[in-house]
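Report on the structure given below.
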Amino acid sequence: MSKLIDPREGVRVLLMGNEAIVRGALEAGVNVAAGYPGTPSSEIVQNLADVAGERNLYVEWSVNEKVAMEVAAAASFAKLRSLCAMKQNGVNVASDFLLHLTAAGTRGGMVLVACDDPGALSSVNEGESRHFARMVEVPLLEPGDFQEAKDMTKWAFELSEEIRNLVVLRSVTRMSHASGNVTLGRLSDAQPKAEFKYDGFILDPLEGPVVSAPVPYKHTLQQEKLKRVREIFEGSPFNTYAGPEKPDLLVVTSSACTLYSREAIHVLGVKDRVGLLKLGTTWPLPPELLKRHLASTDRVLIVEEVIPFLEENVKILAAETALEIGAKTFFGKNDGTLPSIGELNPDLVAAAIAKILGIDHVAMPPDYEKKATLMSFAKAPNRELTFCPGCPHRASFWAIHHALLMDNRLGFVCGDIGCYSMAALPCGFSTLKTLHAMGSGAGVASGFGQLHRFGMEQPAMTVCGDSTFFASVMPALVNAIHHRADLTVVVLDNSGTAMTGFQPHPGLKVNAMGGDVPALDIARICAAMGAKVEVRDPFQLEEARGTLIGLLEEKGVKVLIMRQMCALSPEKRAKKKYEVQVDEALCLGETCGCNRLCTRVFRCPGLVWDKERKKARVDEVLCAGCGVCALICPAEAIRKEEVA
Amino acid sequence: MGTQTLSKDPFNIIITGVGGQGNVLASRVLANMLVHRGYDVTIGETFGASQRGGSVMSHIRVSARGAWSPQIPKGKADMVVSLEPVEAIRVMKDYGNEEVRILVNDRPIYPVGVIAGELNYPARDEIEGALKDLSKHVWFIDATEEAIRLGNPILGNVIMIGAACGLGILPVGRAEFAEVMKGSLAADKLEINLTAFDLGAAKLAATA
């Protein structure tokens, strides 16, 4: 049994932040959950799906974030409790619906869990979701530790029902993917019946139609709800203060920065001088609580990730109440006390506090630091990101790279979001030349595909994964075909949403809960749209490259589906197809003339260069047994033998 | 083999290695052993794109006083369990100090830059010299080799956890390991894991 449905109240267990959010939702009696995978949010929907049977839930990996929010909203309209979860840029995708949803209001408790990635640890942006709460005028909650992640999620459903609107719970990577002890509460045993009422009075929020019009009335109602939220937040137990009555410095913080700030105060030993106001309810701010604390000091440091959202809101409040609380000096992002990009940590916060208080703080003895830094640069060679051993993307980009070289018109690839984004790096032979949002590769390439009329002779290509194809590439493809763009699309179909942990998508026969579902065929969809379609196995390097060269020469929209399962997929993992070895007698090493093609250019981590023997060698622990390297060795020194 | 209490609170452990080595799982196992003994444990880790061949690190904060930051402050590691040799050196830059206990699995995983010949991977004695220059307490363990002998290289991580417990400064040992593994493993797999744990513990018990 999953610990997330452990019925024992009061038991303390180790939970990842995302698991704590799931437990909170289960204690609240969530009925429906939907999302689209994206680090650091993916474990939320995944864990709910895993207990869907036992807890009588409906959970789905929706085709994209906007649809996920719509699916969750339907449950709310039918008086059920629902949750949708996504990473920060997923909220952008869902935001058009989000605006109309929050204007129209909800019924059953509905929570949006938005997981931001400060420092872009697993993203190509450090976008923020907090602004959406202010922009669409709904409450924003930010848990400051793992227990709160659970308790706050549970409460978010109650708050949503109290104001009949969506509540946003914002997490960050260091909360979602960190773990800590959580005391379990009682699982809900509510068994609500779904019913959508629509024939009441047109303005009736519970029985009328769910629409955002008439706008003046509904918008006023929404803002009144927010005023009510402000009052509720004044007494919230998620806002706490620790420190002296009249601190030399007041630190105002939220989210994982709470833990950094607390540790920084501990490291500096300044708990008698510095007060820590930790806010769990960050929009709208509770004005009385803030005023009380701001009045207690004249120096304020705001600690948050990434852009100064809390800082601006606190400053507005301070300006509005300046006559009551007096003038303050503010420290934070705007004045450069804290870095304005990237994630924070205890050291950055400690340095900021030390600077403001004029404390001499040395985190590491300078001699040691110098020595350790030199040692690290000299003796710990950098590990650039690379595709895993046996990754089909390495083979696909090998084919793409060589096809573009042989085509010889300076063609290029518009990239997209997935593991294959790394093809901008040497591991993908630096093939990607643009990289933006999900589905943008096809959209941008569709635009390039029109520029021949301005003299551009370079062929445009794009790549996308199978999950991305369904999520957001289809509209761009329709656009390209309809407008007669010249474009080659390579779908890197590895049978799952691999980067985030093999979540199913509409191309597969199984759903999030393990149920049978019809699989949609990418090749048939593309053909029905009017594209020329080919399907190849990227591990058949020459065939794949040859096909691609042919397609590059043709006009119109051409789709090549490179079909080969991810090396880490549960079906493939730890099962080698081939036993691969280098025949030392045949490997000529540096004298071959191949420029060590296998280890210097192909760069699979499963191949190593034996410095002493001056030969390539296969690392039997790392090699996944795909056998592709055997196809590239001009001396035929790499031998593969099918494993029985 | 375990102590009764923490020698320091919070006690800070780093498990480091290369993406795909099982870093996250190893940190979960050790953390759950400590939770089993009633401690508050905070684990900080990153996964996602960073796991594809990159350096990875889990921070484990052990305390009797509640949750700490998921990132250890600079220079404050008490124990480093490195699943790969040069990753131990990398960690020292931010978290090292002369008293930190460093346990190193001596099996290298070469970065692609090294394989390509653009970067140099230091020899074993160079790595050892560097680490001993940075800490008084360094142990090398042939964990992957032993694990291959046991039949599966992934057992190297269990050998390393065994070694960490074998040091005798953590308040957990074989009993907690068995308890945690029982919850997540089929019975037939438990025995080989216990063998690996004992093997690791024995390697350190003799020297610690």
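Quick note: numbers below take in every heavy atom, side chains included, and nothing from hydrogens, waters or symmetry partners. Just so it is clear: chains get the letters A, B, ... in the order the sequence lines come, proteins before strands, and each one is counted from 1.
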Any side-chain heavy atom of A:Ser179 within less than 4.5 Å of one from B:Thr42? no
Toward chain B, the part of A:Leu607 with a non-hydrogen atom under 4.5 Å: backbone
A:Cys604 versus chain B, heavy atoms under 4.5 Å apart: side chain, backbone, both or neither? backbone
Check whether A:Arg596 gets within reach of chain B through its side chain, its backbone, both or neither, counting any heavy atom under 4.5 Å. side chain
Run B:Val35 and A:Val13 through side-chain contact (heavy atoms from CB on, under 4.5 Å) and show every step you take. CA-CA 7 Å; B:Val35 169; A:Val13 292; over 6 Å; no
Options A:Asp117, A:Val267, A:Asn382, A:Val601, ranked by heavy-atom pairs under 4.5 Å with chain B, top entry: A:Asn382
Does some side-chain heavy atom of A:Lys379 sit less than 4.5 Å from a side-chain heavy atom of B:Ile127? no
Heavy-atom contact with chain B under 4.5 Å, split by part of A:Phe146: side chain
Within the supplied structure, the quantity of interest is the number of heavy atoms (other residues, nucleotides, ligands) at a distance under 6.0 Å from A:Lys614 NZ; does it exceed 12? no
So which of B:His59, B:Arg61, B:His36 has the biggest tally of heavy-atom pairs under 4.5 Å with chain A? B:Arg61
At a heavy-atom separation under 4.5 Å, does A:Lys611 approach chain B through its side chain, its backbone, both, or neither? side chain
Can you tell whether the side chains of B:Arg107 and A:Asp619 come within less than 4.0 Å, N to carboxylate O? yes
Please look at B:Asp94 and chain A and tell me whether the side chain, the backbone, both or neither of the residue comes under 4.5 angstrom of a heavy atom of that chain. backbone
Locate the shortest heavy-atom distance separating A:Tyr368 from B:Met92; write the atom from each residue and the value. OH-SD, 3.9 Å
dist B:Tyr110:OH -> A:Thr599:OG1 (nearest 0.5 Å) comes out at 13.0 Å
Tightest non-hydrogen contact, residues B:Trp68 and A:Glu263, listed as CE3-OE1, 3.4 Å
Interface moiety of B:Glu84 toward chain A, non-hydrogen atoms closer than 4.5 Å: side chain
Does a side-chain N-to-carboxylate-O contact under 4.0 Å join A:Arg174 and B:Glu45? no
How about B:Val112 and A:Glu384: do any of their side-chain heavy atoms sit closer than 4.5 Å? yes
Can any side-chain N or O of B:Arg90 pair as donor or acceptor with the backbone N or O of A:Ala380 at less than 3.5 Å? yes
Hey, are A:Arg600 and B:Glu118 close enough for a salt bridge, meaning a charged N less than 4.0 Å from a carboxylate O? no
Most contacts with chain A, counted as non-hydrogen pairs under 4.5 angstrom, among B:Gly113, B:Pro153, B:Gly96: B:Gly96
Side chain, backbone, both or neither: which part of A:Leu344 has a heavy atom under 4.5 Å from chain B? backbone
Chain A contacts, top residue of B:Val86, B:Leu119, B:Asp40 (heavy-atom pairs, under 4.5 Å): B:Asp40
Could you check whether any side-chain N or O of B:Lys93 sits under 3.5 Å from a backbone N or O of A:Lys371, counting only pairs where one atom can act as donor and the other as acceptor? no
Rounded to the nearest 0.5 angstrom, the CG-CE distance for A:Leu14 and B:Met33 is 13.0 Å
With a 4.5 angstrom heavy-atom cut-off, is it the side chain or the backbone of A:Val608 that approaches chain B, or both, or neither? both
Does A:Asn181 reach the main-chain N or O of B:Val41 with its side chain, forming a donor-acceptor pair under 3.5 Å? yes
If we define contacts as heavy-atom pairs under 4.5 Å, which of B:Gly75, B:Pro111, B:Pro10, B:Ala88 has the most with chain A? B:Pro111
Polar contact flag, side-chain donor to acceptor under 3.5 angstrom, A:Tyr260-B:Gln71: yes
For A:Leu259 and B:Ala67, the nearest pair of non-hydrogen atoms, with its separation, is CD2-O, 4.2 Å
Taking B:Ile154, B:Asn32, B:Asn120, B:Asp133 one by one, which has the highest count of heavy-atom pairs under 4.5 Å against chain A? B:Asp133
Which atoms of B:Leu131 approach chain A - backbone, side chain, both or neither, heavy atom under 4.5 Å: neither
Any donor-acceptor N/O pair, A:Arg12 side chain to B:Tyr39 backbone, under 3.5 Å: no
Heavy-atom pair with the smallest gap, counting every atom of A:Pro346 and B:Ser69: CG-OG, 3.3 Å
Check step by step if side-chain contact (heavy atoms from CB on, under 4.5 Å) holds for B:Asn97 and A:Met364. CA-CA 8 Å; B:Asn97 58 72; A:Met364 204 184 236; over 6 Å; no
Is the side chain of A:Asn345 donor-acceptor paired with the backbone N or O of B:Pro73 at a distance under 3.5 Å, no angle test? no
With chain B, the option among A:Ala372, A:Ala616, A:Pro426 that has the most non-hydrogen atom pairs under 4.5 Å is A:Ala372
For chain B, find which of A:Ser376, A:Pro381, A:Ala178, A:Gly180 contributes the most heavy-atom pairs closer than 4.5 angstrom. A:Pro381
Grab the two heavy atoms, one from B:Lys76 and one from A:Ala363, that are nearest each other, plus how far apart they are. NZ-O, 4.2 Å
So do A:Met16 and B:Arg28 actually touch side chain to side chain, heavy atoms under 4.5 Å? yes
